[in-house]
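Have a look at the structure below, then the notes.
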Amino acid sequence: MRALPVGDRALLIEVGTGEEAEALHAELLRRRATGELTAAEIVPAARTVLLDGLDAPSRLAERLAHWDIPPVPPRAEDVVEIAVRYDGPDLPDVAAHWGVDEAEVARIHAAAEYRVAFCGFAPGFGYLTGLPREVPRRATPRTAVPAGSVALAGPYTGVYPRSSPGGWQLIGTTDAVLWDHARVPAALLAPGTRVRFKPLETP
Amino acid sequence: MTDRALVVVRAGALTTVQDRGRPGHAHLGVPRSGALDARAADLTNRLVGNPPEAAVLETTLSGCSVRPRSTVTVAVAGAPCPVTVDGRPAAWGAPVRVPGGALLDIGAARSGVRGYVAFSGGVTVEPVLGSRSTDLLSGLGPPPLANGTVLPLGRPAGPPARVDVVPHPAPPSELVLRVTLGPRDDWFTDAALRTLTRYPYAVSSASNRIGLRTEGPALERSRAGELPSEGMVLGAVQVPPDGRPVVFLADHPTTGGYPVIAVVHPADLPGAAQAAPGTPLRFVAVRHRR
């Protein structure tokens with residue numbers, strides 16, 4: 001674990017793996033809840049957690065080195081289930097990349113259990129880990145990816161909360177509402193949430 | 001015509017509603033947003049007797065015109081510009097009483113980029129996650145103003161400030177941004193670090209509320225490959241593959257995958273919000289490399 005100063009009020013804590021980043025994030029949230037830590041933002045990402053709005057980043061960096069960070073325990077709460085029609089335009093490319101047929105892409109995607117490692121790119125866009133195989137981004141990003149597109153990139157899967165440009169491989173669509181700021185919580189997929197995709201029959 | 005609201009007559013190039021933004025939601029991918037020149041926005045609120053969190057209008061270069069439906073106290077600050085009420089000159093940087101039905105015109109910036117217009121009672125569009133700010137990156141908050149938009153105003157909280165003139169920094173003729181190197185300065189060559197802090201840059205016309213883009217020498221990386229996505233702070237100086245540094249402003253993304261070579265001192269960001277395209281820019285390191 002390495003703590004890098006970011007300006008005068010933030011720390012970027014680098015760890016070895018995505019699992020360690022999730023465990024550190026959970027530990028930081030726990031310590032903030034008990035009042036032991038004050039931070040305006042705690043932002044998990046692929047291999048790091050950013051702490052912003054700290055009064056004394058260097059002191060926290062010293063303390064962090066002595067923490068014992070337990071792995072994320074299995075959670076009791078329910079898994080969020082997202083119903084998907086596997087009808088995306090990039091199914092053939094993903095199938096070719098994995099050396100399987102298109103139905104098998106859907107089966108592989110729907111068989112795995114995922115966890116939201118971090119969010120970014122757009123409100124409510126979660127990077128879900130747990131995909132058993134990787135796939136490269138599209139060589140040319142699309143200028144508009146429709147809202148509700150279920151997509152793959154690198155080791156991640158995710159769902160576009162709203163129409164936006166994007167370079168992920170589109171394998172399906174869902175009617176699930178990923179982001180609704182009138183809803184509490186606004187994001188369906190906050191960091192740490194467990195997720196499963198349920199295949200719907202395509203007409 | 002007694003209701004507290006205003007009608008937008010001329011929206012200008014880009015006029016948005018801004019307050020202190022919506023920090024605290026970065027982990028959900030929600031930018032902080034808020035007034036780019038928060039110092040000027042705070043000043044206008046003080047001048048009309050508003051609390052600091054009241055929402056104001058942020059104009060871009062060409063100002064805007066509005067017609068309040070009832071009498072309000074208004075203050076304009078930020079980029080210096082002419083102010084008129086029904087065609088008659090009115091004060092800039094001081095409280096101005098605008099009668100109901102009169103046309104308030106905020107003219108084009110004489111220098112600087114972003115003007116702020118506070119109304120007694122504040123602009124009271126519906127908040128989203130605790131803020132009324134327009135966020136251009138993710139589309140949260142009210143859309144940018146259009147001609148004919150009607151914006152509600154709140155009840156005045158207190159009397160306007162009794163001042164004739166207020167001290168206010170002029171927009172910079174040269175923008176000097178103090179930076180602390182890191183967290184990813186080790187992704188760049190020593191030559192690139194020297195270039196960043198010794199060579200002149202200029203503010204690019206591609207700058208917006210998301211980032212201040214720059215023109216100048218490209219910064220060379222010492223490390224190839226991709227940086228896994230990581231959290232980004234306000235004022236982060238991110239270097240995309242073209243090598244030209246981008247300073248992240250209020251609507252910046254919450255995570256990103258290009259290395260951040262340095263972070264700008266927060267006190268220098270209001271100046272960055274007011275630096276017009278072409279303004280000379282220097283980055284000055286205030287910390288040595290680890």
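Just so it is clear, the values below take in all heavy atoms, side chains as well, and ignore hydrogens, waters and symmetry mates. Chain A is the first sequence line, chain B the second, and so forth, proteins listed ahead of strands; every chain is numbered from 1.
Residue with the most contacts toward chain A among B/Met232, B/His27, B/Arg32, B/His25: B/His27 (heavy-atom pairs, distance under 4.5 Å). In terms of non-hydrogen atom pairs under 4.5 Å with chain B, the most contact-rich of A/Pro123, A/Ala46, A/Gly120, A/Ala45 is A/Pro123. Ranked by heavy-atom pairs under 4.5 Å with chain A, the first of B/Val128, B/Leu137, B/Asp135 is B/Val128. Annotation: maximal heavy-atom pairing with chain A below 4.5 Å, among B/Ala26, B/Pro228, B/Pro253, occurs at B/Ala26.
For B/Arg198, the CZ atom is loosely surrounded, since the number of other residues' heavy atoms within 6.0 Å does not exceed 12.
Panel note: side chain A/Ser149, backbone A/Val145; no donor-acceptor pair is recorded below 3.5 Å. Checked by atom type and distance alone, the side chain of A/Arg183 pairs as donor or acceptor with a backbone atom of A/Pro185 at under 3.5 Å.
Contacts with chain A (heavy atom to heavy atom, under 4.5 Å) involve no residue of residues 201-211 of chain B.
Under the 6.0 Å distance and 45° angle rule, A/Arg31 counts as a cation-pi partner of A/Trp67.
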Contacts under 3.5 angstrom, residues 256-264 of chain B side chains, donor-acceptor by atom type, not counting sequence neighbours:
none

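For B/Pro23, the parts sitting under 4.5 Å from any heavy atom of chain A are the backbone and the side chain alike. Interface residue A/Ala190: backbone and side-chain heavy atoms are both found under 4.5 Å from chain B. Both the backbone and the side chain of B/Leu28 come within less than 4.5 Å of a heavy atom of chain A. Proximity to chain A is limited to the side chain of B/His265, based on heavy atoms less than 4.5 angstrom apart. Using a 4.5 Å cut-off between heavy atoms, A/Ile42 touches chain B through its backbone atoms (N, CA, C, O) alone.
Side chains of A/Val49 and B/Glu230 form no contact here, defined as non-hydrogen atoms less than 4.5 Å apart.
Distance check, rounded to the nearest 0.5 Å: OH of A/Tyr156 to OH of A/Tyr127 gives 8.5 Å.
Applying the salt bridge (Lys or Arg N to Asp or Glu O under 4.0 Å) test to pairs two or more places apart or on separate chains, none has a residue in residues 154-165 of chain A.
A donor-acceptor pair shorter than 3.5 Å cannot be found between the side chains of A/Thr48 and A/Glu14.
Remark: B/Glu215 pairs with no residue by the salt bridge (Lys or Arg N to Asp or Glu O under 4.0 Å) rule, at least two apart or across chains.
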